[in-house]
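Computed from a prediction, not measured in an experiment: that's the story for all the values here. Heads up: numbering here begins at 1 and tracks the sequence.
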Amino acid sequence: TTPERNLADARAVHWASEFVERQEGGKPWFVSLGIGKPHLDWNVPKKYFDMIDSSAITLPYNPPGDYDDVPAFCQQFLVWLHKMHEEVVSAGVWKDAIHAYLAAVAFADAQLGKFLDAMDRADAWDDTTLVVWSDHGYHLGDKAVWGKFTQWDQATNAPLLIVDADHGRPGRVVETPVSLM
């Protein structure tokens with residue numbers, strides 16, 4: 001398996017962390033950091049798989065007729081996502097795929113944590129605004145769908161966190177949807 005330090009996300013976090021730690025107080029700066037996981041592929045170091053108890057993974061229940069409430073027009077777009085589900089199930093890797101996705105999420109979380117640690121080391125919180133915007137979720141066989149191209153909650157909700165020194169910490173949770181357009 002590829003060493004963590006060689007993965008694109010780890011390299012990006014390392015660069016961004018060093019950038020933050022090099023900044024001098026009083027001078028404005030901007031850094032944009034993108035973490036690609038848990039987008040495919042879900043190849044991450046074994047230690048992230050070990051963080052997830054695979055025996056605790058429960059496969060989603062897909063009741064018969066689950067698309068009865070979905071307009072026929074929309075059902076035509078679900079056909080290829082449902083085909084992917086059939087392939088995953090027939091290959092016997094459904095639980096393994098969920099395990100890999102969760103490991104990739106753990107990896108992404110760890111990378112973000114490393115960057116936040118660099119913010120701590122640089123003592124950058126008093127004059128920095130941090131915006132963390134996540135991609136929307138991924139169906140892992142729920143409603144017999146794999147992917148994120150639906151209008152259900154898992155594929156439409158995207159967290160947005162803002163830490164602004166001018167407004168104090170901790171912040172408040174706002175449940176109001178924000179347009180991504």
(message) For H99 together with W42, are the ring centres under 6.0 Å from each other?
(response) no
Reported [atom1]-to-[atom2] distance for the pair [X] and [Y], which is rounded to 0.5 angstrom:
X: I57; Y: D96; atom1: CD1; atom2: CG; result: 8.5 Å
X: Y138; Y: I98; atom1: OH; atom2: CD1; result: 11.5 Å
X: E21; Y: D117; atom1: CD; atom2: CG; result: 9.5 Å
X: L130; Y: L116; atom1: CG; atom2: CG; result: 6.5 Å

Atom pairs and distances, donor-acceptor, side-chain atoms in residues 23-33, under 3.5 Å, two or more places apart:
residue : atom : partner : partner atom : Å
Q23     : NE2  : F19     : O            : 2.7

(message) Would you call the rings of W146 and H85 parallel, tilted or perpendicular, taking 30° and 60° as the class edges?
(response) parallel
According to side chain to side chain contact (heavy atoms under 4.5 Å, CB included), who are the partners of [X], at least two apart in sequence or on a separate chain?
X: H39; value: D135, K148
X: R11; value: A8
X: N6; value: T2, P3

Locate the shortest heavy-atom distance separating [X] from [Y]; write the atom from each residue and the value.
X: W152; Y: V145; result: CZ3-CG2, 4.0 Å
X: G147; Y: L81; result: CA-CD2, 4.5 Å
X: M119; Y: T128; result: CE-CG2, 3.5 Å
X: T150; Y: H139; result: OG1-NE2, 2.6 Å

(request) Start with the C-alpha distance between E18 and W15, add both sets of side-chain angles, then the distance that settles side-chain contact (heavy atoms from CB on, under 4.5 Å), and finish with yes or no. (result) CA-CA 5 Å; E18 285 187 339; W15 177 89; 5.7 Å; no
(request) Return each pair, listed once, that meets side chain to side chain donor-acceptor pair (under 3.5 Å) where at least one residue sits in residues 56-71; pairs must be two or more places apart or across chains. (result) D66-K143
Compile the donor-acceptor pairs under 3.5 Å between side chains in residues 101-115 and protein atoms, sequence neighbours left out, one pair per line.
residue : atom : partner : partner atom : Å
Q111    : NE2  : E4      : OE2          : 2.9
K114    : NZ   : E4      : OE2          : 2.6

(request) Would you confirm whether S90, through its side chain, and E87, through its main-chain N or O, come within 3.5 Å as a donor-acceptor pair? (result) yes
(message) Would the distance check show the side chain of D9 and the main-chain N or O of G36 forming a donor-acceptor pair, the cut-off being under 3.5 Å?
(response) yes
